[in-house]
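Since the structure is predicted, the reported quantities are computational estimates derived from the model, not experimental observations. Computed over heavy atoms, backbone and side chain alike; hydrogens, waters and symmetry mates excluded. The chains referred to below are lettered A, B, ... by the order of the sequence lines, with proteins before strands, and numbering in each begins at 1.
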2 protein chains.
Amino acid sequence: MLNDQELFTISQVAEITGLSVHTLRYYERIGLIRPIDRAGNTHRRYSSDDIGWVEFLLKLRATGMAIQNMKTYAELQRAGEETLEERVEMLKTLQFDVKAHIHELNEHLELIRHKIEFYSAVIAGQKQETSA
Amino acid sequence: MLNDQELFTISQVAEITGLSVHTLRYYERIGLIRPIDRAGNTHRRYSSDDIGWVEFLLKLRATGMAIQNMKTYAELQRAGEETLEERVEMLKTLQFDVKAHIHELNEHLELIRHKIEFYSAVIAGQKQETSA
DNA sequence: CTACAACTTAGAGTGTGCTCTAAGTCAAGT
DNA sequence: ACTTGACTTAGAGCACACTCTAAGTTGTAG
């Protein structure tokens, strides 16, 4: 697949990922993204793999993982296969935390549902009074 | 229940709710909590109702609701029964958002599960090689 | 060759949600 | 009356995750 060798400018990657060019450079600066290859030694050229990595980061971010934590993961990833076990440990911790978070959200959803029901009944009662 | 008339100092409320005394004052200052009654005109005395309200705020916060939004809700609450419909609308929006968030988290959980499985298989393969 | 849009860096600024400090007041025990 | 510890306010400071600015360089179309 020749298409996989296609390279992208920073603004194309911004378009594709939904991050701003500022944020892409920021992520690289703090080490969330590996130093991106340059065309003519200054302008960044992102590979499809780079974009895939950014999209994975976005998913980690969406789980609530802190940037420091993502950075640790990124460093392990770059260190190669020797760090696989450590990465699996991190993923298991994340899995545990996300499950707990979902559980908590479901509980709060229950409370919200109850409140909506209760208040709706009160409103119905108010309307009854008014029309009586 | 006479016990319901019991009053609490700010540090007791901090203990009960898990918020710091700083945060409790901060929440009052920005209008998330109504101006708490004072004993001898300076020291705050919280009622059980006040504590209940703080605990509800913590649940809203845990759903990811922004403070500005919580403040709006708090103001509607204080305005009385006339705002019930507006509050139900806010709760329905929150319900929708939380459901969407849970859905997203579940998707990411799937990805995490896949990665754990895949990496674990690779690790198992590595160990096989070493022992062979 | 020139115009001009897109890129570059270092570093400053912003919004959110706390968190702490300084300086002082109050309440309870001895 | 005095000490001690909990309380008070106004306002400064902090961590996080961006977001923007200034000043300059590069690449492409006419």
Side-chain angles (χ1 to χ4, degrees), chain A residues 6-47 50-51 53-75 94 97 101, chain B residues 6-47 50-51 53-75 94 97 101:
Chain A
E6 203 185 333
L7 296 175
F8 302 86
T9 66
I10 195 166
S11 56
Q12 285 172 320
V13 178
E15 176 93 1
I16 292 165
T17 62
L19 288 176
S20 71
V21 295
H22 295 298
T23 304
L24 282 167
R25 290 199 205 97
Y26 165 66
Y27 278 6
E28 185 176 335
R29 181 156 27 122
I30 65 174
L32 278 190
I33 299 173
R34 65 143 232 262
I36 295 294
D37 300 339
R38 305 308 176 104
N41 227 20
T42 53
H43 290 196
R44 290 171 179 80
R45 290 292 178 267
Y46 293 78
S47 70
D50 293 328
I51 293 173
W53 173 251
V54 171
E55 281 168 347
F56 176 59
L57 284 181
L58 289 178
K59 283 168 191 178
L60 290 185
R61 186 178 73 166
T63 66
M65 192 188 256
I67 277 190
Q68 263 317 308
N69 226 349
M70 288 196 255
K71 193 185 160 182
T72 303
Y73 191 94
E75 281 161 0
L94 181 62
D97 293 348
H101 189 195
Chain B
E6 204 186 331
L7 296 176
F8 302 86
T9 66
I10 194 166
S11 56
Q12 286 174 320
V13 176
E15 176 94 1
I16 292 164
T17 61
L19 288 175
S20 69
V21 295
H22 296 297
T23 305
L24 282 166
R25 290 199 203 98
Y26 165 66
Y27 278 6
E28 185 175 336
R29 181 155 29 120
I30 65 174
L32 278 190
I33 298 174
R34 65 144 232 261
I36 296 294
D37 301 339
R38 305 308 175 104
N41 227 21
T42 54
H43 292 196
R44 290 172 179 80
R45 291 290 178 266
Y46 293 77
S47 71
D50 292 328
I51 293 173
W53 173 251
V54 171
E55 281 169 344
F56 177 59
L57 284 181
L58 288 179
K59 283 167 192 180
L60 290 184
R61 187 179 71 166
T63 66
M65 192 189 255
I67 278 191
Q68 263 316 308
N69 226 348
M70 288 196 255
K71 193 184 159 182
T72 303
Y73 191 94
E75 280 161 0
L94 180 61
D97 293 348
H101 189 195

| field | salt bridge (charged side-chain N to carboxylate O under 4.0 Å, His left out) involving B/R34 - partner list, sequence neighbours excluded | value | B/D37, B/D50
Interatomic distance where [atom1] belongs to [X] and [atom2] belongs to [N] [whole Å]:
| X | N | atom1 | atom2 | answer |
| --- | --- | --- | --- | --- |
| A/L24 | D/dT19 | CG | C1' | 13 Å |
| A/H22 | D/dA22 | NE2 | P | 12 Å |
| A/K71 | D/dC18 | NZ | P | 15 Å |

For [X], check side-chain contact (heavy atoms from CB on, under 4.5 Å) against everything at least two apart and list the hits.
| X | value |
| --- | --- |
| B/R38 | B/E28, B/R44 |
| A/H43 | A/R45 |
| A/T63 | A/M65, A/L94, A/V98, B/H108, B/I112 |

Interface polar pairs with nucleotides 14-17 of chain C, N/O, under 3.5 angstrom:
from	atom 1	to	atom 2	distance (Å)
C/dG17	OP1	B/I67	N	3.4

| query | Do the non-hydrogen side-chain atoms of B/E6 and B/F8 ever get within less than 4.5 Å of each other? | reply |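 Answer yes - side chains close enough.
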| Which residues pass the ring pair (Phe, Tyr, Trp, His ring centres under 6.0 Å) test with A/Y73, sequence neighbours left out? |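 For A/Y73, the residues satisfying ring pair (Phe, Tyr, Trp, His ring centres under 6.0 Å) (neighbours in sequence not counted) are A/F56.
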| note | By nearest-heavy-atom nucleotide on DNA chain D, the more 5' of A/L19 and A/A39 is A/L19
Under 3.5 Å, which donor-acceptor pairs link side chains of residues 13-22 of chain A to any protein atom two or more places apart or in another chain?
from	atom 1	to	atom 2	distance (Å)
A/T17	OG1	A/V13	O	2.8
A/T17	OG1	A/L19	N	3.2
A/S20	OG	A/H22	N	3.4
A/S20	OG	A/T23	N	3.0
A/S20	OG	A/T23	OG1	2.9

| request: Could you name each residue pair satisfying salt bridge (Lys or Arg N to Asp or Glu O under 4.0 Å) that touches residues 54-65 of chain B, not counting sequence neighbours? | output: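 The answer is none; no pair qualifies.
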| Base versus backbone protein contacts along nucleotides 2-12 of chain C [heavy-atom cut-off under 4.0 Å; B, S, -] | -----SBB-B-
